[in-house]
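Everything below concerns the one structure shown next.
Not measured: the values here are computed from a predicted model. Sequence positions, counted from 1, serve as the residue numbers for this chain. The figures that follow rest on heavy atoms only: side chains count, while hydrogens, waters and symmetry mates do not.
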Amino acid sequence: MSDLEIQADLGRQARAREPRRRRIGVAEALAAAFALFLVVAAVAPSVLAPGDPLAIDPLSAFQPPNLAHWFGTDESGRDIFTRVSHGTGGSLVIGILATAIGLGLGIVLGTMAGMLGRVVDFTVNRFLEVLFAFPGLLLALLVILVFGPGTQTATVAVGLATAPGYARIIRGQLISVRSSAFVEAATVLGRGRRQILVRHILPNTLAPLFVLGTLGIGQAVVWASALSYLGLGAAPPAAEWGAMLSAGRTYITSAWWMAFFPGLFIVLTAVTATSLGRALERRLRHA
């Protein structure tokens, strides 16, 4: 077999492997389907559950899951499926806003540490180490202790608690990109620091941020729900997953569905965000 035939055969094998590498797996398909359900529930919850999530019906209280009430009813006769569907928007908004706050602060701190010299890098790193001394949820609790409970405070608290981790990752990514060959070539050609940062370093650092943001939404939803469960976020009777989970714990032995379905949606949302984030990371790595 000639060299050209060998190269052609290797090319065919590579092309044959490429569709398999890009094929969507079962886990990714399920995650995408559930993410679509969450988007519909967040944007137009009445399409999935046309009822009022706050409407009470004492005669229908504590009904187990059935054809009329897919997820059962709570102590006031409210339909849990309706409340879970209408609470999707609030939970996702909290998760997205908290992730945006954490990423924004992480970008600022990470860029300062990675680009402004050793003194700034040392100062920012010591500040991040102080923040890392507190567990993330404990740091969020400290913020709420200072500013008081509430949905807005919980959103800011979760964002502040996640910022140190984002800052450390972004700093490492910036240092890695800064030492690459194309940045060194731009420096040799006389490009200014700001031009190198804007045109070369930041564009090559943004790709991992999409992955971080996707993964962070699931984490932020879990933390915000935990704060609501502790009574520091959304308060009952709000149709918010953490608040519903907190209300259902009182009846966990007699009406398990009240806590099960809100908790299930919290877990599925976190798993979905993780699956989509890792799928996005794989595709960016092979791009």
Side-chain angles (χ1 to χ4, degrees), residues 24-43 45 48 71 80-81 83-103 106 135-141 144 151 154-166 168-169 208-234 238-249 252 256-284:
I24 298 177
V26 176
E28 296 178 12
L30 292 176
F34 187 74
L36 179 61
F37 173 84
L38 292 178
V39 170
V40 174
V43 175
L48 300 174
F71 291 176
I80 295 178
F81 176 75
R83 289 175 57 77
V84 167
S85 299
H86 284 259
T88 302
S91 297
L92 288 184
V93 166
I94 292 174
I96 293 172
L97 290 179
T99 303
I101 293 172
L103 270 178
L137 192 57
L138 178 59
L139 184 59
L141 291 174
I144 293 177
T151 303
T155 303
V156 175
V158 173
L160 294 176
T162 56
Y166 292 135
R168 183 63 62 85
I169 295 173
L209 296 185
F210 293 106
V211 178
L212 287 176
T214 305
L215 296 172
I217 290 175
Q219 179 188 20
V221 168
V222 172
W223 284 15
S225 299
L227 293 175
S228 296
Y229 178 83
L230 296 174
L232 301 175
E240 196 273 338
W241 296 342
M244 295 175 62
L245 188 63
S246 178
R249 63 179 174 176
I252 191 66
W256 56 267
W257 54 89
M258 288 180 58
F260 175 78
F261 289 107
L264 177 65
F265 267 68
I266 294 172
V267 172
L268 289 179
T269 300
V271 172
T272 296
T274 302
S275 299
L276 295 180
R278 295 192 180 279
L280 180 60
E281 180 186 11
R282 288 193 296 270
R283 275 154 177 74
L284 289 175

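The side-chain contact (heavy atoms from CB on, under 4.5 Å) search around Leu268 returns Phe34, Leu264, not counting sequence neighbours. Not counting sequence neighbours, the partners of Phe261 by the ring-ring contact (aromatic ring centres under 6.0 Å, His included) test are Phe71. By the side-chain contact (heavy atoms from CB on, under 4.5 Å) test, Val271 is found to be paired with Val267, Ser275, residues two or more places apart in sequence or in another chain being considered.
Looking at every heavy atom in both residues, Leu215 comes nearest to Gly277 through CD2-CA, 4.0 Å.
Here the straight-line distance linking atom OG1 of Thr274 with atom CD1 of Ile217 works out to 11.0 Å at 0.5 Å rounding. Note that CH2 of Trp241 is 10.5 Å distant from CD1 of Ile94, once rounded to the nearest 0.5 Å. Atom-to-atom distance recorded for Leu160:CG and Ile144:CD1 is 10.5 Å, nearest 0.5 angstrom. The CG atom of Leu97 lies 10.5 Å from the CG atom of Leu92; values are rounded to the nearest 0.5 Å. Going from atom CD1 of Ile266 over to atom CG of Leu245 covers 5.0 Å, rounded to the nearest 0.5 Å. With rounding to the nearest 0.5 angstrom, the CG atom of Leu139 is 9.5 Å from the OG1 atom of Thr162.
The closest side-chain heavy-atom distance from Pro262 to Glu240 is not below 4.5 Å.
Remark: the backbone N or O of Thr151 is paired with a side-chain donor or acceptor of Thr155 at under 3.5 angstrom.
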